[in-house]
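Report on one structure; see the data block that follows.
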Amino acid sequence: MVAGRVAITERALERTVMAIAAGHLRVPITAVRVQLADDAGLLAVAVTAPVRTAPLRAPGRGDGMVTVVQGARSGIRDDITIITGRTVSRVSITVSRAEVFEEKRAR
Amino acid sequence: MTEQKLYRRLVRRSLHRSRSAAIVAALVGVILVAAYVGTEATLAALGRGPLLVTPDAALASSENPTVILLVAAGAAALVGIVLVILAIVPGRRGRHEVANERLAVVVDDAVLAGALSRVVRREAAVAESRVRTVVSARRGLVTVTPTSGVLLNASALTASAKEYLDALELSPAVRADVSVARNGVVGS
């Protein structure tokens, strides 16, 4: 093994987590806010972001908002561990806004 | 061999504090008291007036002591206890001997602490400021602050610190004890 070590600054970690969260929630990275904290030696992640959701009355709309966000949490946790090598203890997501998108009809 | 004897003596002198200061202070005190008692006794024998108190009066007052006399006796007892303690405790100097075939080697505990810190820092791959070490006579206590999300194995770190100390063959022997702080720091 080569001597030396890899250091990742808090800011770099934050930006990485922002990008990961933005990818999972399918929102622009600038709309995502991330706060990292220590949780008894593990990494605690708090994400504040808007969520894209289908119109309420849309026929055959996708999963509910809560299901989508719940699914994103575990995906975000796994990606953080894969990319940065940090073990994450909890991921909390605060939905700041819902972005309704119209599903285009197939023509 | 005489050289070996000399080294042993030198090492012992470097590891332990000399008692000469306490001895000098105690003996000066004894000399002053003896000189005073001698003076009073001589003055009394010549039939002159006392400086403070005649020997007869002093003996008489010890039968039913005054408050001042009791306080003085207490202070003397305290000094006596301190001197006994100074005589008994080893008076270690915060240094350790490093085994060496040809030389007498003595290392300051602060230097040992720095070396232990470095070993643990390398093993744990954390920044220099995250490791704190205190070395006492028989224990090297290392505390590592982990990076959040990077789990450290305290027993593996202890093992590497122990390996390092074992190679030095310190005397008195130092037991390594590495502990990982409960809370980490987010960035590294």
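Sequence lines set the chain letters: A, B, ... in the order given, protein chains first and strands last, and positions in each chain run from 1. What you see is a predicted model, and the numbers here were worked out from it, not measured in a lab.
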Would you kindly confirm whether [X] and [Y] end up in one hydrophobic cluster when ILVMFWY residues are joined by side chain heavy atoms under 4.5 Å apart?
{"X": "A:Leu42", "Y": "B:Val144", "value": "no"}
{"X": "B:Leu52", "Y": "B:Leu43", "value": "yes"}
{"X": "B:Val79", "Y": "B:Leu32", "value": "no"}
{"X": "B:Leu116", "Y": "B:Leu152", "value": "yes"}

Ordered numerically, the heavy-atom neighbours of chain A under 4.5 Å found in residues 89-115 of chain B are none

Using a heavy-atom distance cut-off of less than 4.5 Å, which residues of residues 118-143 of chain B contact chain A? B:Ala125, B:Val126, B:Ala127

Do you know the tightest heavy-atom contact between [X] and [Y]?
{"X": "A:Pro50", "Y": "A:Ser96", "answer": "N-OG, 3.4 Å"}
{"X": "B:Ala22", "Y": "B:Leu83", "answer": "O-CD2, 4.3 Å"}
{"X": "B:Val180", "Y": "B:Ala154", "answer": "CG2-CB, 3.9 Å"}

Could you check whether any side-chain heavy atom of B:Val186 comes within less than 4.5 Å of a side-chain heavy atom of B:Ser148, counting everything from C-beta outward? yes

Is the shortest heavy-atom distance from the side chain of B:Asn153 to the side chain of B:Leu157 under 4.5 Å? no

Sorted by number, residues from residues 73-93 of chain A in contact with chain B (heavy atoms, under 4.5 Å): A:Gly85, A:Arg86, A:Thr87

Contact listing (chain B partner; residues 16-40 of chain A; heavy atom under 4.5 Å): A:Leu36, A:Ala37, A:Asp38, A:Ala40

Count the heavy-atom pairs under 4.5 Å between each of B:Pro146, B:Ala181, B:Gly149, B:Gly184 and chain A, then report the option with the highest count. B:Gly149

To the closest 0.5 Å, what do you measure between OG1 (A:Thr9) and CZ (A:Arg11)? 8.0 Å

Spacing of B:Thr42 atom OG1 and B:Arg48 atom CZ [to the nearest 0.5 Å]: 11.0 Å

Does the side chain of B:Tyr36 come under 3.5 Å of the side chain of B:Glu40 through a donor N or O and an acceptor N or O? yes

Within a 6.0 Å radius of atom CZ on B:Arg13, are there more than 12 heavy atoms belonging to other residues, nucleotides or ligands? no

Side chain, backbone, both or neither of B:Thr145 within contact of chain A (heavy atoms, under 4.5 Å): neither

